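Structure first, then comments.
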Amino acid sequence: MERELIYLLADLCVKWGFCIPPDSIERISKTDNYNDRDFATDVVKAEGMDGYSSWVNRIAERFRERFGTNEIDSSTFVDRIRGVKENW
């Protein structure tokens, strides 16, 4: 799950300019569970923006597109592309 969150954060940086600080990337990517809104709010806040901006909805949508659900948990997370549960 950590790697997939890092990939999503990289996509948000490249596509929309949400290039958050490294310490925020580490904190967000190591979170054990996330729902779409909490993830989006954390990204927006790490960028130094208001947590209730219109970006929250757009980022939450990207989260759902990437993971196929609105909530992920490290104890049950399976990479949708490779169909593998990783433990690193």
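Model, not experiment: these values are computed from the prediction. Throughout, numbering of the chain's residues begins at 1 and tracks the sequence.
Taking all atoms of both residues into account, the shortest heavy-atom contact from Phe63 to Tyr34 is CZ-O, 3.9 Å.
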Decide yes or no on side-chain contact (heavy atoms from CB on, under 4.5 Å) for Arg62 and Glu65, but give the supporting numbers first. CA-CA 5 Å; Arg62 187 67 63 164; Glu65 288 171 359; 3.7 Å; yes

Quick one: do Trp55 and Val43 satisfy side-chain contact (heavy atoms from CB on, under 4.5 Å)? Show the steps, please. CA-CA 9 Å; Trp55 282 106; Val43 170; over 6 Å; no

Would Arg66 and Asp11 satisfy side-chain contact (heavy atoms from CB on, under 4.5 Å), going step by step from the backbone distance to the final call? CA-CA 10 Å; Arg66 177 133 198 143; Asp11 287 347; 2.7 Å; yes

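Under the salt bridge (Lys or Arg N to Asp or Glu O under 4.0 Å) criterion, Asp32 pairs with no residue at all, not counting sequence neighbours. Residues satisfying the side chain to side chain contact (heavy atoms under 4.5 Å, CB included) test with Asp73, not counting sequence neighbours, are Asn33, Ser75, Thr76. A search for side chain to side chain contact (heavy atoms under 4.5 Å, CB included) contacts involving Asn70 returns Asp36, Arg64, not counting sequence neighbours. The side chain to side chain contact (heavy atoms under 4.5 Å, CB included) test applied to Glu71 returns Asn35, not counting sequence neighbours.
Rounded to the nearest 0.5 Å, atoms CZ (Arg37) and CG (Asn57) are 4.5 Å apart. With rounding to the nearest 0.5 angstrom, the CZ atom of Phe67 is 7.5 Å from the CE atom of Met1.
Tyr7 and Phe77 are not part of a single hydrophobic cluster, where members link through side-chain heavy atoms under 4.5 Å apart.
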Could you go through residues 12-29 and list every donor-acceptor pair under 3.5 Å that involves a side-chain atom there, pairing it with any protein atom two or more places apart or in another chain?
unit_1: Ser29; atom_1: OG; unit_2: Ile25; atom_2: O; d: 2.9
unit_1: Ser29; atom_1: OG; unit_2: Glu26; atom_2: O; d: 3.2

